[in-house]
Q: 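What follows is a structure written as structure tokens; I'll ask about it next.
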Amino acid sequence: MLTLGEAIARSLWAKDLTPEQLARVERETCERIIQAGDFVCHRGDRPEYWFGVIEGLVKMSSDSEAGKAVTLTSVPAGGWFGEGTLLKRELRKSDFVALRTSRLAFMPYRTFAWLLDTSIAFNQFLLHQLNERLGQFVGFVESDRIDDTNARVAHCLASLFNPILYPGMPMDVPISQAEIALLAGASRQSTNQVLRILEERGLLRVGYGSITILDLDGLRKFSG
DNA sequence: TCATTAAATTGTT
DNA sequence: AACAATTTAATGA
């Protein structure tokens, strides 16, 4: 199992830190286990940490007043999230929920701010990540307006496995069809049908509570 | 280790 | 939205 220190050390933003800088980050960052279904943080919280997923899967979601839930995006192992409101010093605008029991790194704001002040590589990483996320969400909007349900599910899955945002993401991930439906903005029933179509075409394999991506590029290009 | 049961997830209407 | 079928996890002999 990956230790907290290893998880930090192999993060993209840690590559160009000096050993002293890395040591400080490791000293000040703590690890917490979030049970499946539990919140990492709530909307309205004052942001105090930058979060890294060591192991597991976390979704960013919102609940409407009517009780309808939508998933904005998911963060797999190796991904870091929460920098948006941390940078702006605003209250959290959405919930983060563990989709399954996950091990998270909690980096305090002061450590995050210190890295921002001292490491050019860290700034470059954030710029890169924010840009990549912007592209991801533009893609979501485009997909929402243009694609039919089949293509939307395919494209949502492709963006979940984005190797630029989430390097080292295993192509086999435990996630239920109900969660995929929330992510793609489709019903569970139609998601189920789409997954079978995608499996027929050899783009992925569906298992019990999990999917395996076989052809990421094929998912990206999928239409009709 | 195996059988039983409950819970979660999937597949269909 | 409801239901049945299937798979997994948990429990205890």
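Worth knowing before you read on, the calculation uses all heavy atoms, side chains too, and leaves out hydrogens, waters and symmetry mates. To find a chain, count down the sequence lines: A is the first, B the second, and so on, and within it residues start at 1.
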Q: Can you sort out the partners of A/E142 under side chain to side chain donor-acceptor pair (under 3.5 Å), two or more places apart, ordered by chain and number?
A: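 Scan of A/E142 (side chain to side chain donor-acceptor pair (under 3.5 Å), adjacent residues dropped) gives none.
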Q: Excluding sequence neighbours, so at least two apart, what forms side chain to side chain contact (heavy atoms under 4.5 Å, CB included) with A/A105?
A: A/L4, A/T29, A/I54, A/W80
Q: In plain terms, say whether A/E83 and A/R133 are close enough for a salt bridge, that is, a side-chain N and a carboxylate O under 4.0 Å apart.
A: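 Salt bridge: yes.
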Q: Check whether any side-chain N or O of A/H128 sits under 3.5 Å from a backbone N or O of A/Q124 as a donor-acceptor pair, and report yes or no.
A: no
Q: Do A/R24 and A/E28 meet the salt-bridge criterion of a basic N to acidic O distance under 4.0 Å?
A: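 The answer is yes: the pair qualifies as a salt bridge.
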Q: With sequence neighbours excluded, tell me which residues meet salt bridge (charged side-chain N to carboxylate O under 4.0 Å, His left out) with A/K15.
A: none
Q: What residues, two or more places apart in sequence or in another chain, satisfy salt bridge (charged side-chain N to carboxylate O under 4.0 Å, His left out) together with A/E48?
A: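 Expected list: none.
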Q: Of all of residues 68-75 of chain A, which get a heavy atom below 4.0 angstrom from DNA chain B, listed by number?
A: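 Result for residues 68-75 of chain A: none.
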Q: Just by protein heavy atoms under 4.0 Å, how would nucleotides 7-13 of chain B read 5' to 3' in B, S and -?
A: -BBBBBB
